[in-house]
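Start at 1 with the first residue, then count along the sequence. Read the numbers this way: they start at 1 and go in the same order the structure lists the ligands and their atoms.
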Amino acid sequence: MKIIMLGAPGAGKGTQAKRIAEKYSIPHISTGDIFRANIKEGTDLGKKAKEYMDKGALVPDELVCDLVVDRISQADAKNGYVLDGFPRTIPQAEALDAALTKIGEKVDFAIDVDVPDDNIINRMSGRRACVACGGTYHVVFNPTKVEGVCDACGGQLILRDDDQPETVKNRLKVYHEQTQPLIDYYTKKNILKSVDGTQDMSKVFDSIVAILEV
Ligand code: ADP
Ligand code: AMP
């Protein structure tokens, strides 16, 4: 099962992708997590990506596409995967299609987690990320047992640099200009499915499972 998660930044793609990955035993591949891990390790890729991420801009396609094509060709992705945060532009979607066509495969589902911009601003200002494991919480909608401490690993929770309100506004603008056209792209391929991302997290998940198991 090859699944793409679409939706604005903060729509809940990562939250749902994690659950899908657990339920179907497939890897959750988040390009944002890959970049953040590279930034933490101080790699060249991380240094380059950070320049764009801090501004709320997209990392250039040429730094993203090969990385994803390489990742999905690894052994653990043999039975499928859930892509979170990729593709984010039409050229990225075309690069993914080209790589899959070469090996006689295709994406099965593109799931759009639909949330209006007004809700997004609240979601992002309350999102907290673990510096150690990348786990994501929300101060109101998904709080940790102990404030500021990751339930999963005990790491420290922070507000991501790119979740500052000014950066979020730019990320939303970039989303509408560059990523939203993918909704049309996958509609034309007959694999687009939309879910109402304003429901609570388990309801959103139930809607996704209902789509995947028809
Ligand atoms: P994305 O991966 O799309 O950027 P996340 O999954 O990180 O988004 O979710 C953004 C924030 O909103 C997080 O703090 C998360 O805990 C919270 N969140 C996710 N889904 C919901 C939901 N259905 N209702 C309320 N808050 C949510
Ligand atoms: P995310 O964790 O998915 O919200 O991604 C955080 C940031 O990483 C984005 O705002 C972009 O700067 C960058 N990024 C992640 N995935 C991509 C991608 N597929 N294409 C370009 N930039 C990306």
Taking both backbone and side-chain atoms of [X], is any N or O found less than 3.5 Å from an N or O belonging to ligand 2?
X      : result
Val64  : no
Asp162 : no
Asp33  : no
Arg171 : yes
Thr31  : yes

Has ligand 1 got any nitrogen or oxygen that is less than 3.5 angstrom from a nitrogen or oxygen of [X]?
X      : answer
Arg128 : no
Thr136 : no
Gly14  : yes

- Message: Using side-chain heavy atoms (C-beta onward) and a distance below 4.5 Å, is Tyr175 in contact with Asp117?
- Response: no
- Message: Taking the side chain as everything from C-beta on, heavy atoms only, tell me whether Lys55 gets closer than 4.5 Å to Thr167.
- Response: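 No, side chains not in contact.
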Look at [atom] and say which protein heavy atom is nearest, naming residue and atom and giving the distance to 0.1 Å.
atom                    : result
atom 7 (O) of ligand 1  : Arg127 NH1, 2.5 Å
atom 27 (C) of ligand 1 : Met201 CE, 3.4 Å
atom 12 (O) of ligand 2 : Ala57 O, 2.6 Å
atom 23 (C) of ligand 2 : Phe35 CE1, 3.9 Å
atom 12 (O) of ligand 1 : Arg123 CD, 3.1 Å
atom 20 (N) of ligand 2 : Gln92 NE2, 2.8 Å
atom 21 (C) of ligand 2 : Val59 O, 3.2 Å

Between the candidates [options], which shows the shortest non-hydrogen contact distance to [atom]?
atom                   : options                     : result
atom 8 (O) of ligand 1 : Pro9, Gly197, Gly12         : Gly12
atom 9 (O) of ligand 1 : Thr15, Leu6, Val204, Ile120 : Thr15
atom 3 (O) of ligand 2 : Glu51, Arg88, Lys55         : Arg88

- Item | Short side-chain donor-acceptor distance under 3.5 Å, Thr89 and Asp61 |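 Present: a donor and an acceptor within the cut-off.
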As an exercise, identify every atom of ligand 1 less than 4.0 angstrom from a heavy atom of [X].
X      : answer
Asp200 : 23 (N)
Lys13  : 1 (P), 2 (O), 3 (O), 4 (O), 6 (O), 8 (O)
Tyr137 : 13 (C), 14 (O), 16 (O)
Phe141 : 25 (C), 26 (N)

Taking a cutoff of less than 4.0 Å between a non-hydrogen atom of the residue and any ligand atom, is [X] in contact with ligand 1?
X      : answer
Gly7   : no
Gln199 : yes
Ala17  : no

- What part of Ala8, side chain from CB on, backbone N/CA/C/O, both or neither, has a heavy atom under 4.0 Å from ligand 1?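 For Ala8, only backbone atoms sit under 4.0 Å from ligand 1.
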- Any atoms of ligand 2 less than 4.0 Å from a non-hydrogen atom of Arg36? List them with their elements. 2 (O), 6 (C)
- Task: May I ask you to decide whether Asp163 forms a salt bridge with Arg127, counting only side-chain N to carboxylate O separations under 4.0 Å?
- Result: yes
- Report yes or no: is the cationic atom of Lys188 (NZ for Lys, CZ for Arg) under 6.0 Å from the centre of the six-membered ring of Tyr186, at an angle within 45° of the ring normal? no
